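What you see below is based on every heavy atom in this structure, not just the backbone, and it leaves out hydrogens, waters and symmetry mates. On a predicted model such as this, the values are computed, not experimentally measured, just so you know. The chains referred to below are lettered A, B, ... by the order of the sequence lines, with proteins before strands, and numbering in each begins at 1.
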Amino acid sequence: MSEKKKTTMEILREKVEELLRTDRLPHVWCPGCGIGIVLNAFLRAFIRAKMDPNKLVVVSGIGCTGRTAGYVNVDSFHTTHGRAIPFATGIKFARPELNVVVFSGDGDLFAIGGNHFINAARRNHDILVIAVNNFTYGMTGGQHGPTTPTGAYTTTTPYGNPDRPFNIPHLAISLGVPYVARWTTYHLMQLQNSIYTALHRKGFRVIEIISQCPTVYGRRNEMKNPLDMMEYFRKFSIRKDDATAEEMELTYNGKIVVGVFRDVQGIPTYEERYEELLRRAQK
Amino acid sequence: MKPGYYFWSGDIAVAEGAIFAGCRFYAGYPITPSSEIAERMALRLPQVGGKFIEMEDEIGSIAAIIGASWAGEKAMTATSGPGISLMNENIGLAVMTEVPIVVVNAMRGAPSTGLPTLVSQGDFMQARWGSHGSYEIISYYPDSVQETFDLMLDAFNSAERYRVPVMFLLDAMLAHMYEKIYVPPEDSVERVERKRPTKPPGEQLIYEADEDLIPPMPRIGDGYKIHASGLTHNEKGYPELTPQAQERLVRRLNEKIRKHQEKIWKVEEYRTEDADVIVVAMGSNARAVRTAVDAARNEGIKAGLLRPITIWPFPYKYIEKYSVDYIVAEINYGQIYHVVREYADNKVELLPKMGGELHTPQEILHALRRYKK
């Protein structure tokens, strides 16, 4: 009896599973959560890029997305809240041949870790940042964060959010980041392609992914069910690569402008500039 | 650095001692009175192929050196009290995930911004338990520029051997004081490297400790698929949030230091053999005490100096060894005093000073004169 030939999907699934710590499943993420979609897109892009998993390092901070490092079957670090980027900086600067990816959430990267984000971006470290933006602090029960749209309801904004959210692509572009993109979990193929491209680029690369958190965000904002949020992403997102800063702004239940907003090559990375410095110092 | 004699400050001796010990990665943020360490590292590390980076703050600095250590480098940072306050969360991460790093604290007047340019010894307890939780750490504190250079080797060796952050204490006086020092030949010392896994990837559990309670440490990029988390974890490195896993892990993290403490202890005993009274003093303050002990001896007072060079784990057996009265002279309002009281048989007196200057030998002598027979 001959074995049934495996389908392409089965082969891909096996390859994805090789990159997951399947002995840690089930994961902590809620049913309907978007983080798994992002992780899957990342792993598929990585498989397509045919890069060496032994040279891949995934660093996460704290929070729901911060748990990602715990599920990838490569060198992976679950660090302190907000500090994934400087931790990754130490790894990359010490060993530039490693492929360093920071996988973390909006609160971790832009509130408590905001100072590290802007400074690492400014220095242009050769690090890929996968920033999952679910508009809220999910792990602690749905408080408002640095990306919660003005007017949104969360456990700490029971009368609507008076705060103003970060415009992440605009922030990254202002810092000279060479690769800046935004997608939603609805844009599975575009996201995968974007990660694939970013894996081949050098320097600080930022991909923001708008992701659904039906459990603690959606249900307080009239999108109780995961599909409601995905439907919102589908209906309200517009691709516009040349979007202005104003157009990139996210508003409460408003339009979501997605696309590759910046893709510039040839900007020297911090690690490259340091190599030059080493040559001067050792003359 | 070529072997020979140099005229260096404590800060320069820290940097040169670190490079001599094999440190090739420094991340830091300027702060008085430790900034000259960063300046020296910025100049010298590139010459030996090392990496220097000035980070955006102290939190980023310590996170970067923990990452660099996992990447295989001997890594350090240096700061002062306010910077240590910021670093403490990640010192806990390095303790929990067992990462060798060296953190230098040039102590200055405190609390808060305090006396940036002036001496203090207010950070002993912060060095021990500044991060949350119950843990053991190693801490050294030299009293001269020469000893600063020499002890940096011990600091790196202990960090590597026990997979633990080493808090290297210095004070504003020592940091900025210049003295003649001798640099020995490169090959005249033993440099310890962390234990590497003996099993191939796939068979090696990341946190499987040997008999000495210390697990071998794989390096990023070698195929071990390391997972390290600040969460309570099992031998695989996977989070295991149970009282049983907590008991197993935290007990081992403490015991791996306690078990080896006698090898870690370094103490100077100066004229203590026949003493009636012993002054316990540390760092540059011990220099004034040494002068006072000599003066007291000239007056017929049997005084001695006990100087813990290893501050943590505290070398308590040296306190237990003498059945004498102790005077603890420290530049704070009583920290090591409480530890000495825990182990002393007789009277323990505190001679505090709030900071800004050291004790004068006269102040110590005044206290010792009550022991004149």
| task | Give, for atom OG of B:Ser69 and atom CD1 of A:Ile91, the distance between the pair rounded to the nearest 0.5 Å. | result | 10.5 Å
For [X], does the [atom1] atom have more than 12 heavy-atom neighbours from other residues, nucleotides or ligands under 6.0 Å away?
{"X": "A:Arg273", "atom1": "CZ", "value": "yes"}
{"X": "A:Arg164", "atom1": "CZ", "value": "no"}
{"X": "B:Arg191", "atom1": "CZ", "value": "yes"}

Under 4.5 Å, heavy atom to heavy atom: which of [range] reach chain A? Give them by number, or say none.
{"range": "residues 40-67 of chain B", "result": "B:Pro46, B:Gln47, B:Val48, B:Gly49, B:Gly50, B:Lys51, B:Phe52, B:Ile53, B:Glu54, B:Met55, B:Glu56, B:Asp57, B:Ile59, B:Gly60, B:Ala63, B:Ala64, B:Ile66, B:Gly67"}
{"range": "residues 84-100 of chain B", "result": "B:Glu89, B:Asn90, B:Leu93"}
{"range": "residues 125-134 of chain B", "result": "none"}

| task | Heavy-atom distances under 4.5 Å only: say whether B:Ala228 touches chain A with side chain, backbone, both or neither. | result | both
| message | Please evaluate residues A:Val74 and B:His227 with respect to the criterion side-chain contact (heavy atoms from CB on, under 4.5 Å), reporting the C-alpha separation (whole Å), side-chain torsions for both, the decisive distance (0.1 Å), and the verdict. | response | CA-CA 8 Å; A:Val74 297; B:His227 182 62; over 6 Å; no
| So, B:Arg219 and A:Asp75, do they make that salt bridge, N to O below 4.0 Å? |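 Result for this pair is no, no salt bridge flagged.
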Toward chain B, the part of [X] with a non-hydrogen atom under 4.5 Å:
{"X": "A:Arg122", "value": "neither"}
{"X": "A:Phe93", "value": "both"}
{"X": "A:Val57", "value": "side chain"}

| task | Please name the pair of heavy atoms, one in B:Glu73 and one in A:Ala94, separated by the smallest distance, quoted to 0.1 Å. | result |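 It is CG-CB, 3.8 Å.
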| request: Considering only heavy atoms, give the residues of residues 24-56 of chain A separated from chain B by less than 4.5 Å, sorted numerically, with 'none' for an empty result. | output: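 A:Arg24, A:Asn54, A:Lys55, listed by number.
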| said: Determine whether B:Tyr238 and A:Arg21 satisfy the following criterion, side-chain contact (heavy atoms from CB on, under 4.5 Å), listing intermediate values before the conclusion. | reply: CA-CA 10 Å; B:Tyr238 291 1; A:Arg21 297 182 193 268; 3.4 Å; yes
